[in-house]
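The next block holds one structure in the form of structure tokens; read it before the comments.
Quick note: residue numbers are just sequence positions, from 1. Hydrogens, waters and symmetry mates play no part in the numbers below; they use all other heavy atoms, side chains included.
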Amino acid sequence: MATPTLIIFLGGFGSSDAERIVDDARLAATLDSIDAWRSLPGSLPAILVTDRDIDTPDRVTVDRDDGDFHFGRRLAEVLRKHSVESAVYMGGGSLPLFSAGDFANVIERLAEGVGVTNNAFSSDLVAFGVNDAVLRAIEPVSRDNSLARALQDSGGLRIDALERSLATQFDIDTPTDVAVLTITGGGGPRLSETLAEMQLDARYRAVLPLFLDQTKELVVAGRVGSHAWGYLERETACRVRLFAEERGMEADGRAESGEARSLLAYHLDAVGLPQFFETLAELGDAAFIDTRVLLAHKRIEASRRDRFLSDLVRWELIGEPFLRDFTCAAVEAPIPVLLGGHSLMSGGLMALNEFAWAERDAGRL
């Protein structure tokens, strides 16, 4: 097997305070991932593809480009430019809990001639051998979460999914993910140092006891996969009322095309914000809502800044009218409501539940 090369794309940095919270955590997690990779035997090569100046560990290649960005074309260009024959691609800040041992497992699978991803429907990590057919399959891909499916459907590769675990499902995409990690810990030393400076929202601690209480019920609404549902059924004491909608909407292009539809959004349109959150309070003791599904249903292209402000429940600073009103109503709801994206629906819930049980076992909860 050709020596595998780690390729991490890290870009899209924002200028607002809300965006910097996520960007700082993504950068720290990226450098920790590189350290974990470089700790493996063999001095394995690593390439960081970015649009900004970053101080990187020794023997890491930085491929910087400030031009117009298209994911597939850029990745194919990097693979050709650096003559990569075996690649482990990651998005910057993806899988911050992925360890050196996890990387070693991926390399073993590659040696068996099998491609690997953390999620076949919305990939954050994809490991694969490189050939001409693979390069042709990569070039049209507009987003990395479509990469695994493109390689399997058009590149002629077999791509197997890693076992679903906290390490393979938790990403840093939004301030919600940063808040969860601030409570639960985990990740490498750079990320831990960055998280130590974060301010914690009390709502995240408020939901922890609910996971452990058989008399309580959580409402979970959004892009929830069967693995997350199964996990919640097995690992929580509480009841879970689940509304699973629009899984894979980004990878399939349904969000961009306006085809995404949400039962939750239809109900919201029918009854209005006050009644919507009153109903949630009748259904459960806390709610986890994937706001990106609601936005896609309504065909609202909220800015990254506004989406992150919503996750931080800083509704007064949000420019987009619907998202501002929805976030304000969530703050005023009679139950704790956590807002976020796809990662909240999988890795976030898993991390909070596992931390809640650990706190109980330690006598702190």
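Looking at E354 and T184, their side chains never come closer than 4.5 Å, going by heavy atoms from C-beta outward. Under the 4.5 Å side-chain criterion, counting only non-hydrogen atoms from C-beta, I289 is in contact with L280. Between I21 and L312 there is a side-chain heavy-atom pair separated by less than 4.5 Å. Using a 4.5 Å heavy-atom cutoff, the side chains of L218 and L210 are in contact. Put simply, the side chain of E163 does not reach to within 4.5 Å of the side chain of T168, judged on heavy atoms. Between V293 and F243 there is no side-chain heavy-atom pair separated by less than 4.5 Å. Looking at M198 and L181, their side chains never come closer than 4.5 Å, going by heavy atoms from C-beta outward. For the pair D102 and N105, the minimum side-chain heavy-atom distance is 4.5 Å or more.
Interatomic distance, CZ of R360 versus CG of L208, reported as 13.5 Å (0.5 Å rounding). Atom CZ of R74 is separated from atom CG of D65 by 4.0 Å, given to the nearest 0.5 angstrom. Here the CG atom belonging to L44 is positioned 10.5 Å from the CZ atom belonging to F103, to the nearest 0.5 angstrom. How far CG of L31 is from CZ of R38: 13.5 Å, rounded to the nearest 0.5 Å. With rounding to the nearest 0.5 angstrom, the OG atom of S99 is 12.5 Å from the CG atom of D32. Here the OG atom belonging to S165 is positioned 12.5 Å from the CZ atom belonging to F170, to the nearest 0.5 angstrom.
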Can R158 and E112 be said to form a salt bridge (Lys or Arg N to Asp or Glu O under 4.0 Å), step by step? CA-CA 11 Å; R158 171 185 162 188; E112 297 169 358; over 6 Å; no
Please report the C-alpha distance between E359 and R364 in whole Å, then the side-chain angles of each, then the deciding distance to 0.1 Å, and finally whether the salt bridge (Lys or Arg N to Asp or Glu O under 4.0 Å) criterion is met. CA-CA 5 Å; E359 288 291 280; R364 292 189 290 266; 2.9 Å; yes
Test side chain to side chain contact (heavy atoms under 4.5 Å, CB included) applied to H82 and T5, step by step: CA-CA 10 Å; H82 298 279; T5 298; over 6 Å; no
Under the side chain to side chain contact (heavy atoms under 4.5 Å, CB included) criterion, do D144 and L75 qualify, and how do the steps go? CA-CA 10 Å; D144 65 351; L75 178 56; over 6 Å; no
Test salt bridge (Lys or Arg N to Asp or Glu O under 4.0 Å) on D53 and R64; report intermediate values, then the result. CA-CA 8 Å; D53 293 326; R64 186 158 188 239; 3.1 Å; yes
Check against side chain to side chain contact (heavy atoms under 4.5 Å, CB included), L295 and R307: CA-CA 10 Å; L295 292 170; R307 295 195 307 271; 4.2 Å; yes
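Under the 4.5 Å side-chain contact rule for hydrophobic residues, V134 and I159 share a cluster. By the criterion of side-chain heavy atoms lying less than 4.5 angstrom apart, applied directly or through intervening Ile, Leu, Val, Met, Phe, Trp or Tyr residues, V130 is not grouped with L6; the two fall into different hydrophobic clusters. The hydrophobic cluster containing L294 does not contain M345, counting ILVMFWY residues as joined when their side-chain heavy atoms lie under 4.5 angstrom apart, directly or transitively. Cluster membership for L273 and V219, using ILVMFWY side-chain heavy atoms within less than 4.5 angstrom, is shared.
Without hydrogens or angle criteria, R254 side chain to R247 main chain gives a donor-acceptor distance under 3.5 Å. Checked by atom type and distance alone, the side chain of W315 never pairs as donor or acceptor with a backbone atom of L323 at under 3.5 Å. For the pair T117 (side chain) and V126 (backbone), a donor-acceptor distance under 3.5 Å is absent. The backbone N or O of G258 sits less than 3.5 Å from a side-chain atom of R299, completing a donor-acceptor pair. Not a single donor-acceptor pair under 3.5 Å links the side chain of S154 to the backbone N or O of L151. Although no hydrogens or angles enter the test, the distance criterion places no donor-acceptor pair under 3.5 Å between the side chain of S343 and the main chain of I172. With hydrogens and angles disregarded, no donor-acceptor distance shorter than 3.5 Å links the side chain of D124 to the backbone of G91. R190 contributes no side-chain N or O that, together with a main-chain N or O of A29, makes up a donor-acceptor pair within less than 3.5 Å. A distance-only check finds no donor-acceptor pair linking the side chain of R143 to the backbone of F71 [under 3.5 Å]. Judged by distance alone, the side chain of S123 and the main-chain N or O of L125 form no donor-acceptor pair under 3.5 Å.
The side-chain hydrogen bond (donor to acceptor under 3.5 Å, both in side chains) pairs that include a residue from residues 272-292 are R223-D290, Q275-T279, R292-D311, where partners are two or more places apart or lie in different chains.
When all heavy atoms of P336 and V207 are compared, the pair lying nearest together is CB-CG1, 4.0 Å. The two residues A18 and L309 come nearest to each other via the heavy atoms CB-CD2, 3.9 Å. Looking at every heavy atom in both residues, L344 comes nearest to L339 through CD2-C, 3.9 Å. Between R304 and G14, the shortest heavy-atom contact is NH1-N, 3.5 Å. A pairwise comparison of heavy atoms in L365 and P209 identifies CD1-CG, 4.0 Å as the closest pair. Nearest heavy atoms, S346 versus H227: CB-NE2, 3.8 Å.
Within 6.0 Å of atom CD in E316, more than 12 heavy atoms from other residues, nucleotides or ligands are found, so the atom counts as buried in its surroundings. Taking a 6.0 Å sphere around CD of E85, one finds it holds 12 or fewer heavy atoms contributed by other residues, nucleotides or ligands. Other residues, nucleotides and ligands contribute only 12 or fewer heavy atoms inside 6.0 Å of the CD atom of E193. Around atom CZ of F322, more than 12 heavy atoms belonging to other residues, nucleotides or ligands sit under 6.0 Å away. Atom CG of D361 has more than 12 heavy atoms from other residues, nucleotides or ligands within 6.0 Å.
Centroid-to-centroid, the aromatic rings of F9 and Y89 come within less than 6.0 Å.
Below 30°, between 30° and 60°, or above 60°: for F326 and F276 the angle between ring planes is between 30° and 60°, a tilted geometry.
Under 4.0 Å is where a charged nitrogen must lie from a carboxylate oxygen, and between D23 and R20 no such pair does. A salt bridge is defined here as a Lys NZ or Arg NE, NH1 or NH2 lying under 4.0 Å from an Asp or Glu carboxylate O, and E217 with R239 meets this definition.
Under the 6.0 Å distance and 45° angle rule, R164 does not count as a cation-pi partner of Y231.
With no hydrogens or angles considered, no side-chain donor-acceptor pair links N145 and H342 at under 3.5 Å. Side chain to side chain, W357 and N353 meet the donor-acceptor criterion of an N or O pair below 3.5 Å.
Between S262 and the options E246, H297, E245, a side-chain hydrogen bond (donor to acceptor under 3.5 Å, both in side chains) holds for only E245.
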